[in-house]
Amino acid sequence: MKEVLPIMSTPISSSYIHEVKLPAGSVHVYANPELFAGLDYKVFNMANNNLQIPGIQYMGYTPDVHVGIGTCIGTTAVWDASAGYVSPSIVGSDIGCGMRVHLTNLHRDDLQDVKLRRKLVKTIEKYLPMESQQRGHFADLRLEHVVRKGLHGLPNKYIPDSYTPKKSTSLTHVEESRFSFNEEVLNGVRDQTWGRAHRQLGTLGGGNHFAEIQALEIDEEHRHIAEAWGMSDGQIVVMIHSGSRSWGGSISQESNQVMLSQMQRLGLGTADPRLAFLPLAHPEGQYYVNMMYSALNYATVNRHLIAYSIREAFRDVFGNGCEMRTLYDLMHNYAWAEERDEGAVFIHRKGATRALPAGHAGNPKPYLATGHPALIPGSMGTSSYIMVGQPGGYDNYYSICHGAGRARSRSATKKLVTVDQFASSLKVGTADEIVVNQRSLESILDESPQAYKDVDQIIESVTGAGLASVVAKCKPLAAIKGAK
DNA sequence: ATGTCC
């Protein structure tokens with residue numbers, strides 16, 4: 001592929017916000033000077049390809065941006081909501097991939113003993129289903145109800161706080177509890193796809209997906225928000241990172257192929273032959289949007305069920321008085337319509353988290369006054385963050401980072417990092433050990449912190465650019481990774 | 001990310 005270099009880069013209002021002008025248009029990059037200087041030129045090459053899609057109104061990069069298939073992870077791309085385009089490449093293969101945090105009534109001191117952390121991890125392994133060894137978990141669930149109705153498709157027993165409706169947070173403290181769509185698209189789904197997706201419900205999956213037990217460190221400046229959200233220093237929380245498993249995977253793959261062949265017929269294309277897109281109004285564009293929404297339902301329910309299993313394990317270890325209410329569930333891979341000052345727009349976020357500020361009408365009701373929690377995972381063994389949006393996010397359509405951002409490929413990481421180095425970053429063998437469920441660290445070596453950029457630099461870029469603020473830092477005590 | 005080749 002031909003190398004495309006930025007013609008000009010102009011700082012906008014601060015050294016943290018850059019407008020990079022390319023032959024096909026411009027991309028706004030939110031990054032501190034150090035991260036900006038270290039960006040791979042390939043991300044600009046990729047931006048230039050994406051800017052060739054007709055009618056694009058805006059493109060932004062978050063500080064954790066890195067090369068992906070067709071489109072960088074860390075992209076926000078915007079079209080008109082009625083006359084625009086949709087691209088599975090700018091959603092990402094794991095449709096609905098996202099984060100969830102639950103608040104417990106336990107304190108860091110309760111988990112001081114490394115043996116107790118080991119017991120907790122073992123118990124979570126017992127309750128958390130694995131696709132490869134199903135033991136009848138969730139046999140009473142109808143997958144069809146789940147993909148059609150999201151959290152509202154679950155029987156009451158899976159809404160753990162449903163017995164106190166006024167205090168229930170399972171259905172209210174989420175980005176969306178149900179995505180509505182034209183359900184006719186489901187008629188064409190193969191039996192095998194239904195079956196596999198049902199077996200995978202409530203499972204973590206591989207790659208960078210995880211469940212972590214963390215302890216909170218509240219940011220002094222935003223303590224009032226933490227308190228309003230029910231968070232306190234040393235509080236134990238459960239953070240979950242997962243997506244729509246093979247349900248969303250097959251939608252991505254099939255729509256990519258179908259769209260690329262339709263594009264050929266219509267004479268559409270960019271310099272990147274893998275970059276798939278079609279007009280929103282095209283039947284295959286409509287098909288993708290509808291199926292994508294079913295995957296957003298699947299992904300939200302999947303994280304909910306992972307939390308349900310972990311809650312069962314916590315109650316097994318700590319007794320029935322152990323609470324685990326939902327703080328929030330939100331996604332970083334999707335496309336949907338949003339209202340703006342200028343009218344309705346169709347926004348893609350690929351590895352970008354929406355962080356709405358206080359008072360924004362897009363907040364779910366419980367978070368209207370404060371802004372909703374924006375959940376940002378760190379790399380394994382490093383801190384994660386709970387943030388809140390700031391008004392300065394408007395220009396970037398309120399998108400912030402989605403994590404540390406990969407610094408090197410999985411294969412390059414495996415060559416660079418030894419198992420001993422990984423073990424030492426997890427403090428294995430010490431009283432502070434971050435207990436991991438996997439027996440062989442080698443199998444998840446490509447997830448070691450050395451594979452990722454420094455999450456603190458990413459967060460500093462987001463706060464420095466005025467996009468969002470840190471409400472709490474989350475220090476990991478134990479991590480559960482999915483099986484390969 | 002992933003049914004890592006229906």
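All values below come from the heavy atoms of this structure, side chains included, with hydrogens, waters and symmetry mates left out. Remember, it's a predicted structure, so these values are computed and weren't measured experimentally.
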**Q.** Test applied, side chain to side chain donor-acceptor pair (under 3.5 Å); reference residue, Asn396(A); option that passes from Tyr61(A), Tyr58(A), Tyr30(A)
**A.** Tyr58(A)
Q: Starting from C1' on dT2(B), measure out to CD1 on Ile73(A) and report it in whole angstrom.
A: 14 Å
Q: Please determine if Arg340(A) forms a cation-pi arrangement with Tyr397(A), meaning its NZ or CZ atom is less than 6.0 Å from the six-membered ring centre and no more than 45° off the ring axis.
A: yes
Q) What's the NZ-C1' distance between Lys481(A) and dT2(B), to the nearest Å? A) 15 Å
Q: Send over the distance from Gln253(A) CD to dT2(B) C1', rounded to a whole Å.
A: 8 Å
Q) Checking Arg406(A) against Tyr452(A): charged group under 6.0 Å from the ring centre and within 45 degrees of the axis? A) yes
Q.
Counting the atoms with a prime plus P, OP1 and OP2 as sugar-phosphate, which does Ser250(A) contact under 4.0 Å by heavy atoms, base, sugar-phosphate, or nothing?
A. base
Q.
Just to be sure I understand the rule, does Gly205(A) reach a base, reach only the sugar-phosphate, or reach nothing, if contact means heavy atoms closer than 4.0 Å?
A. sugar-phosphate
Q: Send over the distance from Arg199(A) CZ to dT2(B) P, rounded to a whole Å.
A: 15 Å
Q.
Expressed as a whole number of angstroms, how long is the span from Asn302(A):CG to dT2(B):P?
A. 10 Å
(Q) Within the 4.0 Å heavy-atom criterion, would you say Gly207(A) contacts the bases, only the backbone, or no part of the nucleic acid? (A) sugar-phosphate
Q) CD of Gln257(A) versus P of dC6(B): gap in Å, rounded? A) 10 Å
(Q) Regarding Arg100(A) and Glu175(A), does a basic nitrogen lie under 4.0 Å from an acidic carboxylate oxygen? (A) no
**Q.** Pair Lys427(A) + Glu433(A): basic N to acidic O under 4.0 Å
**A.** no
Q: State plainly whether the residues Glu312(A) and Lys126(A) are in salt-bridge range, i.e. N to O under 4.0 Å.
A: no
**Q.** Within residues 185-195 of chain A, residues whose heavy atoms come under 4.0 Å of DNA chain B
**A.** Arg190(A), Gln192(A)
Q | From CA spacing to verdict: salt bridge (Lys or Arg N to Asp or Glu O under 4.0 Å), Lys481(A), Glu212(A) | A | CA-CA 9 Å; Lys481(A) 298 288 287 184; Glu212(A) 272 189 8; over 6 Å; no
Q. Contact class for Arg410(A) vs. all strands (heavy atom < 4.0 Å): base, sugar-phosphate, or nothing?
A. sugar-phosphate
Q: Starting at atom CD1 of Ile251(A), determine the distance to atom C1' of dT2(B), rounded to an integer number of angstrom.
A: 13 Å
Q: Send over the distance from Tyr298(A) OH to dT2(B) C1', rounded to a whole Å.
A: 12 Å
